Undergrad: 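Dropping a structure here in structure tokens format, bear with me for questions.
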Amino acid sequence: MLPAVHGLLARPLSSYYLLIASSALLLLIGLTMVFSATAVRAYAEDGNAFTAVRNQLIFATLGLVGFWVCQRLPATTLRFLGVYILGAAVVLLGVLDLIGALGSLHVLPVTKQGVYLGPLRADLLWLYVGPLGLQPAEFAKLGVVLWGADIIARKGASLGYWRELSMPLFPVVGLLFVLVGYNDLGTMLVLLSLIIGLLWAAGIRLRIFGALGVLGLAGIGLLIAAASRGAGSGAEGEPNYRLARITVLFQSLDKCGSDLCYQLLQGRSAIYEGGWFGVGLGKGALKWNWLPAADNDFIFAVVAEELGVVGCMVIVALFAVLAYTGFRIARRVDDPFRRLAATGITTWLVAQAVINLGGVIGILPITGLPLPFISSGGSALVVTMAGVGILASFARAEPDAARALHARPPARWVRLVWAPLPPRPPVRRPGPLRPPAQKMGATRGAGRRR
């Protein structure tokens, strides 16, 4: 068994096929579970059980377009686009926070749908332009990956100096810390994990990581304290909901009366009801307005109830395959930018999945992060598929994969429709031949004769 698996993994394009297979299966499971979690509620509200899953299918289609485009882009274009994607995300985040701040000061009208400024509407993490809504923080993840990988790759060995390491990386991270973390602490944690992955792949010394860890913990503490002043969904004079999400982990849920305890209790009830094999796909009952955010943050609880432990382990195994494949691509590519970007994207997806799963099962605080590929949501799915497309482009650029594709190139229409050939890797040249080593005894005899 193991030799067969080793033989399959030794093939040139195994990273590419593992990435495509794991991502496609996660996307298919996600569409199925979104339909299962929303069908009854959508039918009760609109008379159409396919309303929510239809929107998810539209975003999945846009995500596949993003995957296709990013798979075709060369590394030079990705490096060029990184700063513009990050710049656009920072501008959108600034507009979102500005509208929210003006609403909290009662300068702009505030309704149940959010704060309005002409055609713009801000609703906590969402920015709407008319009927079109997006989450700028999701695009910040992709921008930080591409821009950060480009900056670190350009600096090279000079990253050992604090000045080269801090400029311009730390000022941008600090700006995002305020713009993203003020409203969305969960996404800020993912961004911090992503930056740690980039620095780790660059080979930063451990003592620098220690100093950065102290600064990061201090910043997270400030963001938690800011919830008492109205950060995120908090309100001045109200209990700190971010602190409550941490303290609830150490309380008895039976004696807790907050909404967080209710959500955790319903999530654990769903896991308990599912058992090993679940009650059956579509037959779960807690999603009928008993389990909050059943189609988004807590969709893993719906999976546990309907598909049981076996279904949960399938999803965890697919994420493990995705993580292995992403880090394998980072290890096998030659270009420093590709290695850093692959590490950053993989760290982003894995960290977000771990935070979501940990919150559902009750070992980590609830952060409101969606589960990649599985939860409903437009911006998150499109950006995630674009990131997977970048990984697919890097997988085809592995030296062995590129040589195999150039040795037996696919048909011209395949290259035009699907993906062009990656850059041809440099030819391996054998090293200089060394003269055969002489025997020790002959060398000593020759020396005595001389």
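As the structure is a computational prediction, the values presented were derived from the model and not from experiment.
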Undergrad: Kindly list each side-chain donor-acceptor pair under 3.5 angstrom involving residues 143-153, sequence neighbours excluded, with atom names and distances?
TA:
from   : atom 1 : to     : atom 2 : distance (Å)
Asp150 : OD1    : Arg79  : NE     : 2.7
Asp150 : OD1    : Arg79  : NH2    : 2.9
Asp150 : OD1    : Arg154 : NE     : 3.0
Asp150 : OD2    : Arg154 : NE     : 3.2

Undergrad: Could you tell me if the side chain of Arg332 sits less than 4.5 Å from the side chain of Arg339, heavy atoms only?
TA: no
Undergrad: So, does Thr347 use its side chain to make a donor-acceptor pair with the main chain of Thr343 at under 3.5 Å?
TA: yes
Undergrad: To the closest 0.5 Å, what do you measure between CH2 (Trp68) and CG (Leu73)?
TA: 9.5 Å
Undergrad: Could you tell me whether the side chains of Ser15 and Arg396 share a donor-acceptor contact shorter than 3.5 Å?
TA: no
Undergrad: For Trp126, I'd like to know if atom CH2 has over 12 heavy atoms of other residues, nucleotides or ligands within 6.0 Å.
TA: yes
Undergrad: Any side-chain heavy-atom pair from Phe298 and Pro292 closer than 4.5 angstrom?
TA: no
Undergrad: Less than 4.5 Å apart, side chain to side chain, heavy atoms only: is that true for Val190 and Trp348?
TA: yes
Undergrad: Within a reach of under 6.0 Å around CZ of Arg415, are more than 12 heavy atoms found that belong to other residues, nucleotides or ligands?
TA: yes
Undergrad: Quick one: do Asp295 and Lys287 make a salt bridge, cutoff under 4.0 Å?
TA: no
Undergrad: Checking the side chain of Asn296 only, and the main-chain atoms of Ser376 only, is there a donor and an acceptor separated by less than 3.5 Å?
TA: yes
Undergrad: With no hydrogens and no angle check, just 3.5 Å: does a side-chain donor-acceptor pair link Asp297 and Asn356?
TA: no
Undergrad: Over all heavy atoms of both residues, which pair between Leu369 and Gly186 is shortest? Give the atoms and the distance, please.
TA: CD1-O, 3.5 Å
Undergrad: Please state whether the rings of Tyr84 and Phe80 are parallel, tilted or perpendicular, taking 30° and 60° as the class boundaries.
TA: tilted
